Chemist: 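Input: one structure, supplied below.
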Amino acid sequence: MMGWPCGCLKLVSWLCLVGFVSGIGANWGTQASHPLPPGTVVQMLRDNGFQKVKLFDPEDGTMSALSNTGIQVMVGIPNEMLADLGSTKAAENWVSKNVSSYIKDGVDIRYVAVGNEPFLQTYNGSFLHTTFPALQNIQGALTQAGLSSQVKVTVPLNADVYESSTGKPSDGNFRSDILDLMVSIVKYLSDNAAPLTVNIYPFISLYNDPNFPIDFAFFDGTPASPVVDGSITYTNVFDANHDTLLWALQKNGFGNLAVIVGEIGWPTDGNMYANIQYAQRFNQGFMKRIASGQGTPMRQGPIDAYMFSFIDEDQKSILPGNFERHWGIFYYDGQPKYQLNIQTSKSGTLVGAKNVKYLDKKWCVFKPSVNLDDSRVAPAASYACGKADCTSLGYNTSCGDLDARGNISYAFNSYYQMNDQDDRACNFQGIATTTDRDPSTSKCKFEIMIEPDSAASWRLAAVRGQGYGLVFFALLPFLLVLL
């Protein structure tokens with residue numbers, strides 16, 4: 001880690017050698033219980049003027065929906081597949097199935113992202129020995145398929161792969177434990193006219209360090225203690241972080257390597273710093289930076305970046321924090337969270353999904369007649385949150401104003417909606433009931449789920465064909481330990 005000026009952030013700027021569309025792209029993740037139909041999302045991308053999209057895996061419905069749209073695609077390979085791709089034959093099969101076939105069907109694939117932050121320190125070296133061989137084999141397979149001039153390989157890396165002992169960008173270099181590996185990868189990318197991809201998240205710096213100067217996270221602030229590096233004064237962490245990478249590349253002989261900002265954004269819930277106001281401030285500031293074409297002090301010119309993310313994902317892991325499910329500029333139903341001028345849509349602001357179908361206006365709530373100290377309450381609420389999404393509950397979150405009964409109702413409703421309003425999902429041993437009266441408050445929205453896509457229904461996986469009680473009692477000892 002580099003300390004607060006250049007901490008674990010996410011970002012990319014690039015000047016690529018193959019025909020690229022400069023400006024802002026979008027990360028389209030699909031870890032959602034009720035994903036919008038791919039065709040709907042593609043229409044949203046087009047309505048909002050996004051000409052590039054980054055995917056984390058080549059899911060067929062998603063890829064097919066992008067056919068003949070003119071949207072450029074970066075398709076990802078999950079970390080768990082890297083070991084298998086150490087086989088040349090496996091890499092050739094992967095490229096044939098997930099690149100060549102879709103290009104023939106009209107998908108404009110420009111990049112294959114090998115892994116996703118595989119050298120993240122929290123992975124404890126799990127992918128150190130599998131990433132580079134997979135990268136080489138995918139490149140070899142693209143060459144064999146005659147696609148190496150059209151499709152480039154890259155490796156999306158977290159900003160923790162480089163550091164600065166002083167916090168000054170000019171003192172930046174790759175982490176000492178992976179220096180040789182990083183230089184080998186960077187050289188290989190350079191030899192194949194391919195870019196390096198880095199993810200930079202100023203929010204994470206603020207989340208991890210209570211002493212981080214908040215104005216330094218944004219583009220419109222005047223930090224009390226800017227980072228002065230020789231003749232350059234850095235007033236925001238994006239520039240400082242990005243240029244730390246450029247110094248690391250320069251010191252190792254690759255100062256001209258193209259760089260892509262693979263992920264950059266700000267979450268809207270799940271933490272005191274994750275809110276609508278900060279997200280709008282940060283993302284609008286970054287949009288203005290993209291539109292200006294000014295680059296960073298170390299590399300002037302257009303920045304190529306992919307916003308993280310397009311739509312919220314309620315099934316993402318929350319191990320990094322509850323905010324992980326709230327990165328989208330659109331809610332789960334494709335509706336905009338706030339006004340954002342991304343400089344590419346005709347309307348000048350975000351355009352939401354059209355013709356979204358919702359379930360009935362019904363909610364599941366805690367029965368008013370049941371006491372809070374009832375022995376069924378705590379394990380039922382814990383179960384509901386464990387199976388659904390309660391990341392909007394907590395200190396200084398969007399639903400932080402709820403009382404105890406409200407928290408329980410929120411948990412019950414989340415489980416009920418996620419299970420498509422199945423009557424069995426609003427029982428909880430008799431302490432829950434449905435209502436047609438919206439329990440939302442001025443700050444906290446009790447959601448109504450969208451109708452499940454016919455190809456992606458997620459109905460009561462845990463309790464299909466059984467009463468809730470059977471599963472509840474089976475899990476009760478475990479839930480009581482958590483409480």
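The residues of the chain are indexed from 1 along the displayed sequence. What you see is a predicted model, and the numbers here were worked out from it, not measured in a lab.
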Chemist: In terms of side-chain heavy atoms, does S33 have a donor or acceptor partner in Q315 at a distance below 3.5 Å?
Modeler: no
Chemist: Using a 4.5 Å cut-off on heavy atoms from C-beta on, say whether the side chain of V228 contacts that of Y234.
Modeler: no
Chemist: How long is the straight-line distance from CG of D215 back to OG1 of T235, given to the nearest 0.5 Å?
Modeler: 10.0 Å
Chemist: Have N252 and N173 got a donor and an acceptor in their side chains that come within less than 3.5 Å?
Modeler: yes
Chemist: Let me confirm one number: the CZ-NZ distance from F254 to K187, rounded to the nearest 0.5 Å.
Modeler: 6.0 Å
Chemist: Closest approach of V95 and A145, non-hydrogen atoms and distance?
Modeler: CG1-CB, 4.4 Å
Chemist: Counting N and O atoms only, with roles assigned by atom type, does the side chain of N271 sit under 3.5 Å from a partner on the main chain of F323, one being a donor and the other an acceptor?
Modeler: no
Chemist: So, do F218 and N236 sit near enough that their side-chain heavy atoms are less than 4.5 Å apart?
Modeler: no
Chemist: Looking at F282 versus F203, is the centre-to-centre ring distance below 6.0 Å?
Modeler: no
Chemist: What I'd like to find out is whether the side chain of M44 reaches to under 4.5 Å of the side chain of L350, using heavy atoms alone.
Modeler: no
Chemist: Under 3.5 Å, is there a donor on one side chain and an acceptor on the other for D239 and T296?
Modeler: no
Chemist: Tell me the closest heavy-atom pair linking T349 and N48, and the distance in Å.
Modeler: O-OD1, 3.9 Å
Chemist: So which heavy atom on F446 is nearest to which on S440, and how close?
Modeler: N-OG, 2.8 Å
Chemist: Determine whether a donor-acceptor pair (N or O, by modelled atom type, separation under 3.5 Å) exists between the side chain of Q280 and the backbone of Q339.
Modeler: yes
Chemist: Under 3.5 Å, is there a donor-acceptor pair between the side chain of D229 and the main chain of S170?
Modeler: yes
Chemist: Shortest non-hydrogen contact from A65 to P38?
Modeler: CB-CB, 3.7 Å
Chemist: Look up atom CG in D177 and atom CZ in F119, then write down how far apart they are to the nearest 0.5 Å.
Modeler: 10.0 Å
Chemist: Using modelled atom types and a 3.5 Å cut-off, is there a donor and acceptor pairing between side-chain atoms of D209 and backbone atoms of S205?
Modeler: no
Chemist: Name the residue from L66, V107, D108 that meets the side chain to side chain contact (heavy atoms under 4.5 Å, CB included) definition with I71.
Modeler: L66
Chemist: So, N275 side chain and Q277 main chain: donor-acceptor pair closer than 3.5 Å or not?
Modeler: yes
Chemist: Would a 4.5 Å heavy-atom cut-off, applied to side chains only, mark S64 and Y102 as touching?
Modeler: yes
Chemist: Is the shortest side-chain N to carboxylate O distance from K97 to D60 below 4.0 Å?
Modeler: no
Chemist: Hey, what do you get for OG1 (T197) to CG (L157), rounding to the nearest 0.5 Å?
Modeler: 8.0 Å
Chemist: May I ask you to test the L135-Y188 pair for a side-chain heavy-atom distance under 4.5 Å?
Modeler: yes
Chemist: Can you measure from CD (Q43) to CG (L36) and round to the nearest 0.5 angstrom?
Modeler: 12.5 Å
Chemist: Identify whether the distance between the nearest side-chain nitrogen and carboxylate oxygen of E313 and R325 falls below 4.0 Å.
Modeler: no
Chemist: With S292 as reference, evaluate K288, R289, Q294 under the side-chain hydrogen bond (donor to acceptor under 3.5 Å, both in side chains) test and give the passing residue.
Modeler: Q294
Chemist: Start with the C-alpha gap between Q417 and H34, add the side-chain angles, then the distance that decides, and say whether side-chain contact (heavy atoms from CB on, under 4.5 Å) holds.
Modeler: CA-CA 10 Å; Q417 302 296 339; H34 291 65; over 6 Å; no
Chemist: Any heavy-atom pair between the side chains of D160 and E117 that's under 4.5 Å?
Modeler: no
Chemist: Will you find, in the side chains of D389 and S414, an N or O donor that is under 3.5 Å from an N or O acceptor?
Modeler: no
Chemist: Walk me through it: do M74 and T154 pass the test side-chain contact (heavy atoms from CB on, under 4.5 Å)?
Modeler: CA-CA 9 Å; M74 178 187 292; T154 188; 4.2 Å; yes
Chemist: From the options F330, Y332, Y331, select the one residue that forms a ring-ring contact (aromatic ring centres under 6.0 Å, His included) with F310.
Modeler: F330
Chemist: Between K443 and D401, is there a donor-acceptor pair closer than 3.5 Å when you use the side chain of the first and the backbone of the second?
Modeler: no
Chemist: Do the side chain of K152 and the main chain of S148 share a donor and acceptor less than 3.5 angstrom apart?
Modeler: yes
Chemist: Decide side-chain hydrogen bond (donor to acceptor under 3.5 Å, both in side chains) for Y273 and N396; before the verdict, give the C-alpha distance in whole Å, the side-chain angles of both, and the deciding distance to 0.1 Å.
Modeler: CA-CA 8 Å; Y273 298 116; N396 274 355; over 6 Å; no
Chemist: As a quick check of understanding, evaluate salt bridge (charged side-chain N to carboxylate O under 4.0 Å, His left out) for R175 and E163, giving each step before the final call.
Modeler: CA-CA 6 Å; R175 259 175 27 217; E163 58 192 359; 5.9 Å; no
Chemist: Is there a donor-acceptor contact under 3.5 Å from the side chain of D171 to the main chain of S165?
Modeler: no
Chemist: Step by step, would you call L402 with Y410 a side-chain contact (heavy atoms from CB on, under 4.5 Å)?
Modeler: CA-CA 9 Å; L402 298 179; Y410 187 94; 4.1 Å; yes
Chemist: What is the minimum heavy-atom distance between F132 and L181, and which atoms define it?
Modeler: CB-CD1, 4.1 Å
Chemist: Side-chain contact, heavy-atom cut-off 4.5 Å: T391 with K316?
Modeler: no
Chemist: Do the charged groups of R299 and D243 touch, with an N to O distance under 4.0 Å?
Modeler: no
Chemist: Between Y162 and N241, is a side-chain contact (heavy atoms from CB on, under 4.5 Å) present by the stated rule, with each step listed?
Modeler: CA-CA 9 Å; Y162 48 92; N241 188 289; 2.4 Å; yes
Chemist: Is there a donor-acceptor pair under 3.5 Å between the side chain of W28 and the backbone N or O of T62?
Modeler: no
Chemist: Distance alone, cut at 3.5 Å: any donor-acceptor contact between the side chains of K337 and T268?
Modeler: yes
Chemist: Quick one: closest heavy-atom pair of G115 and L82, and the distance?
Modeler: N-CD2, 3.9 Å
Chemist: Determine whether the aromatic ring centres of Y123 and F127 lie less than 6.0 Å apart.
Modeler: yes
Chemist: Taking C-beta and beyond as the side chain, do F216 and V227 meet within less than 4.5 Å on heavy atoms?
Modeler: yes
Chemist: Enter the distance from L257:CG to Q250:CD here, rounded to the nearest 0.5 Å.
Modeler: 12.5 Å
Chemist: Assess, by modelled atom type and distance only, whether the side chains of D105 and S67 contain a donor and an acceptor separated by less than 3.5 Å.
Modeler: no
Chemist: Can you tell me if K251 uses its side chain to pair, donor with acceptor, with the backbone of G172 under 3.5 Å?
Modeler: yes
